[in-house]
Structure formats: C-alpha cells, structure tokens
Amino acid sequence: MNEEQFINRVLGAEDMASIKKGQILVTVSGGADSVALLRVLLAAGCNCRAAHCNFHLRGEESMRDEQFVRNLCERLGVPLTVKDFDVAAWQQEHGGSTEMACRELRYQWFEQEFERQDCSRIAVAHHSDDQIETFFLNLLRGTGTKGLSGMKRYYNGIWRPLLSVSRQDILDYLESIGQDYVTDSTNAQNDFRRNRLRNLVLPVIEKEFPGSKERILYTMKNLADDFDLMAYYVETDLDGIEHIDIKTDYICEHPYGETLLYHRIRERGFNREQCAQAIEAARKGHTGRLFTAGDYMLAVNRENLSVDLNLPTDGVEIPIDLTKDIVSPVSVLVHRGHEPFSPRMCSGSLRVAFNTRLLDSKRIIMRHWRKGDRIRPFGMKGTKLVSDLFNELKLDYATKKYAWLLEADGEIIWVVGQRSTAHYPVENGSQDYLILTKTIP
C-alpha cells in the first residue's frame, strides 16, 4: 500500500471539504500511530493543531518523546500544546489504575483544549488492531452488544480515522514516506491487560486461525449495525428531556424487560444490574426503591419507573412576595379579590384562597418537602404528615421530592398544586382576600 492508497483508505469515506473548514486537535504521543495520523491529515490539507501529554512515568523516555514531538511539529509547522501531568496525585485523590488515570487525565485535557482552541473535532490514533483488542477486553469484562461493537469512527467530537487500517499498514506507510517515530518501551511489557492481549493472546489466535482479524472486524461491524438498529427502535430522541416514564406493568411483563429498560435509559448512565434490580423491585411491589447514576435518579413507583435529574432539594428556600404574581420556582397567579368570596372560587389544589392577614407574615418562602413536615388540613383538629398526604394522593417519588410547599412564618399553608391547609381561612362573603392559582405549563 503506497502513500496515496493509504491516505485514501484512511480518509476516502470522509467529507473532507467540510472537515477542512475547522481546526482539528490531533493528539500526538510520538508513537507510530499518532505520527501517521498527523502526517495523513496534513497531507490531506487539514488545519491541524497538536496536543501532547507528558505523564512522566518513564523518566528520560518521557522527555525524549516530548522533544521528538516538539521537533516534529516545528518541522511540519504545526502549533503544539504540551501538558505535564501528576498521575500519582490524581490516583491519590480518585483511586484507580495508572492506565485509567492516564486515560481520564488526557481526555479531560483534550476536551479543554478542544474548547480553548475552538476546534471542530479531536483526532485520536486508534487503528483496527486497537479495535480488536477492545472487543476482547469488553468480552472478558462481560459486556453487551454495544461494548462488542467497538469504538465508533466519530462520536461526541472524537474522530478515529485510522480505524480502517492496521498497525502494519501504519508502519508500512511511515516507511514509505521516510518518517521516523519513537517507541514506548512499556508496550513490550505485559503488565497491562491490553498488552497481554496484544503480545500474547492475539498472535496465537492469528497463527492458529489465519485471517481471524478481518473476520472479527466484520463481526464487530455486524454487531454495531445490529445495535444501531435496535437503538433506533427502542430509544426516542432524549436530547434535552430530563424526565422519563415507563409503565411498570409493561416493563415487568415484557419478555425482554431488563434489556428494554437498559437501552431506554443507558444514556443516563444506568447499568444492566440496576435495571434488573429495579424491575425485580417493581414486580415485588417494593415501591420507593431508588437507583442513582451520575446526575440521574431511577425511582420505582406504583404505576411507573421514572428517571429524573437528581437535583438537590435540601436547604433550598426561595423568598416569595405575595403582592405580585410568582414566576419562580413555579408559576402562580396572585389575585386580591374584593367581590364576595365563595368556596366555589377555589379547587383546593390548583386554586386556593387565604385571608389577607397572610401578607403580614414576616417570612414567606417556597421550599421542598422535608421528613417530618406536617400540615393542618381543613376539617381536622390536629395535623398530619405531608408524607401521608403524598401516599394518599399516590404520588410517585419524583413528584414528592420536587413538590413545592408554601410556608409562612414556619407554617406550611399550601402543598402547591396538591392541597391547601386551614391556615389563614377566608370567611364566606369576605370582600378582601387572596386567591393563588398555580398555572399548568
């Protein structure tokens, strides 16, 4: 494969006219793969900027790699940014292996540089041999179809144009253009799982089953197509949607309920085990079970499984001025009535009335429900727990957690949109009172 053939193999399927309009942040370690990536993109006329990570894990060899990349970029006229990392310090704070720490650190930095330098995409040098290694690593971890599909050529701003060529193709290309590179001595060591696969397992498979690499890649492509087709039918467009509801009866009775639930909410960070546990809880009637994933919460309710943003509610108190309409945190119209009052003017939930003495309160706020909150409903001599009211109304967990309570001088006077209380009552025929109406978005 000559230089022209190699470049066409790498970029032939791309819309290069569109790609050339933006700046590309090319991650360059100095190894054969990243050097080939940079040379190919430059040969194609792309506007490249290079980024190099120095993890200082290999002493002088790390400094050799950095200097090689500096010299290469200077010779090729490519702007270069170099970042030094303290891997040990990151591990002390976050834990995890050295391999994981390096990955987290470099991708965090790549994203920062991507934004800072106003780039259109980040180019990384994964090739088809890396794809096969990823297949086996995920297989041994116990992954699903998505994991066995491997890395995508382009996803979330990350571009992997070398996935269409092998490591040997890359070495042949570099030799054909007379381009040198540096070699990481740790690649020959078998301390990491990927290295053991690369150096010990895969060579034996290829020797015993010639042509296995091509067949594995073909299988991965089929799995990727199957996964994308399944996702097309299972998922809806969830961009910008914070709340998801799935009927409990439907998901519990579905023959593939666990898999269906997983693919419905996996983009929120939930794993298969959580989905299985949620469905099991729903089948047993264990409502109130909660599962969290990052910023999201999965709640098992009577009639549905719901996924919402897991926003903090403790300590949130918003001052309220009842001399005008309320626009936040919920929309409430405030009307001061002067015509004779009748209870028929109220609904008890969305529209409530209060004596204007309420305006004399020193502190009126809206806040969320707290454990132990009590209210004094009309017709009751005593009080009842707000949590009992929620249960009577059969509210799901998310609705309960994010319900707003109107409080005046320490007394809850309205569970907004649900139930008013006996505080600040209005007498029949009164010609001076407040009516609060919660508007429905």
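Between D129 and K213 a salt bridge is recorded (basic side-chain N to carboxylate O distance below 4.0 Å). Ion pair E113/R49 not flagged as a salt bridge, since none of the NZ, NE, NH1 or NH2 atoms sits closer than 4.0 Å to an Asp/Glu carboxylate oxygen. E133 has no carboxylate O lying under 4.0 Å from a charged side-chain N of R196, or vice versa, which leaves the two without a salt bridge. Here E74 does not pair with R70 in a salt bridge; the nearest charged N to carboxylate O distance is not below 4.0 Å. Ion pairing of R64 with E60 is absent here, as no side-chain N (NZ or NE/NH1/NH2) approaches a carboxylate O to less than 4.0 Å. Between D65 and R58, at least one side-chain N (NZ, or NE/NH1/NH2) sits under 4.0 Å from a carboxylate O, which counts as a salt bridge.
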Please step through salt bridge (Lys or Arg N to Asp or Glu O under 4.0 Å) for the pair R367 and D373, ending with a clear verdict.
-> CA-CA 11 Å; R367 64 172 177 82; D373 276 342; 2.8 Å; yes
Take R283 and D249, measure what salt bridge (Lys or Arg N to Asp or Glu O under 4.0 Å) needs, and give me the verdict at the end.
-> CA-CA 9 Å; R283 285 175 176 153; D249 290 345; over 6 Å; no
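There is a side-chain donor-acceptor pair under 3.5 Å between S166 and D169. Between the side chains of S212 and E206, at least one donor N or O lies within less than 3.5 Å of an accepting N or O. Between the side chains of S306 and N301, at least one donor-acceptor pair of N or O atoms lies under 3.5 Å. Inspection of the W159 and E14 side chains reveals an N or O donor paired with an N or O acceptor under 3.5 Å. A donor-acceptor pair shorter than 3.5 Å can be found between the side chains of N71 and Q67. Residues S120 and Q23 bring no donor and acceptor atom of their side chains to less than 3.5 Å of each other.
Atom OH of Y154 has more than 12 heavy atoms from other residues, nucleotides or ligands within 6.0 Å. Counting non-hydrogen atoms of neighbouring residues, nucleotides and ligands closer than 6.0 angstrom, the CZ atom of R193 reaches no more than 12 such neighbours. More than 12 heavy atoms of other residues, nucleotides or ligands shown are found within 6.0 angstrom of CD on E317. Residue Q117 places its CD atom among more than 12 non-hydrogen atoms of other residues, nucleotides or ligands, all under 6.0 Å distant.
For the atom pair L148 CG and T143 OG1, the distance stands at 5.5 Å (nearest 0.5 Å). In this structure, CH2 on W414 lies 8.5 Å from OG on S420, to the nearest 0.5 angstrom. Atom NZ of K438 is separated from atom CZ of R351 by 13.0 Å, given to the nearest 0.5 angstrom.
In this structure K384 satisfies the side-chain hydrogen bond (donor to acceptor under 3.5 Å, both in side chains) test together with E392, sequence neighbours excluded.
For the pair L393/Q418, a side-chain contact is recorded, criterion being any heavy-atom separation below 4.5 Å from C-beta on. Considering only heavy atoms from C-beta on, Q179 stays 4.5 Å or farther from Y173 through its side chain. Side chains of F6 and V165 form a contact here, defined as non-hydrogen atoms less than 4.5 Å apart. Residues Y296 and F270 have side chains in contact (heavy-atom distance under 4.5 Å, counting atoms from C-beta outward). Taking 4.5 Å as the limit, some side-chain heavy atom of R153 sits within range of a side-chain heavy atom of S164.
Taking the six-membered ring for Trp and thresholds of 30 and 60 degrees, W369 and F390 have ring planes more than 60 degrees apart, a perpendicular arrangement. Between H94 and W90, the two ring planes are parallel [angle under 30°; tilted spans 30° to 60°].
Of the residues listed (D325, I320, V416, L406), the one engaging L436 in a side-chain contact (heavy atoms from CB on, under 4.5 Å) is L406, and it is the only one. Exactly one residue among V332, V415, I365, V316 makes a side-chain contact (heavy atoms from CB on, under 4.5 Å) with W404. That residue is V316.
When all heavy atoms of Q131 and M151 are compared, the closest pair comes out as OE1-N, 2.7 Å. Scanning both residues, I279 and L261, for their nearest heavy atoms gives CG1-CD2, 3.8 Å. Here the closest non-hydrogen pair linking I216 and F136 is CD1-CE1, 3.7 Å. The two residues L322 and I326 come nearest to each other via the heavy atoms CD2-CD1, 3.9 Å.
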Quick one: side chains of residues 27-36, donor-acceptor pairs under 3.5 Å with protein atoms, not counting sequence neighbours, listed by atom name and distance.
| residue | atom | partner | partner atom | Å |
| --- | --- | --- | --- | --- |
| T27 | OG1 | A123 | O | 3.1 |
| S29 | OG | G31 | N | 3.1 |
| S29 | OG | S34 | OG | 3.2 |
| D33 | OD1 | R167 | NH1 | 2.7 |
| D33 | OD2 | H127 | NE2 | 3.3 |
| D33 | OD2 | R167 | NH1 | 3.4 |
| S34 | OG | S29 | N | 3.0 |
| S34 | OG | G30 | N | 3.3 |
| S34 | OG | G31 | O | 3.4 |

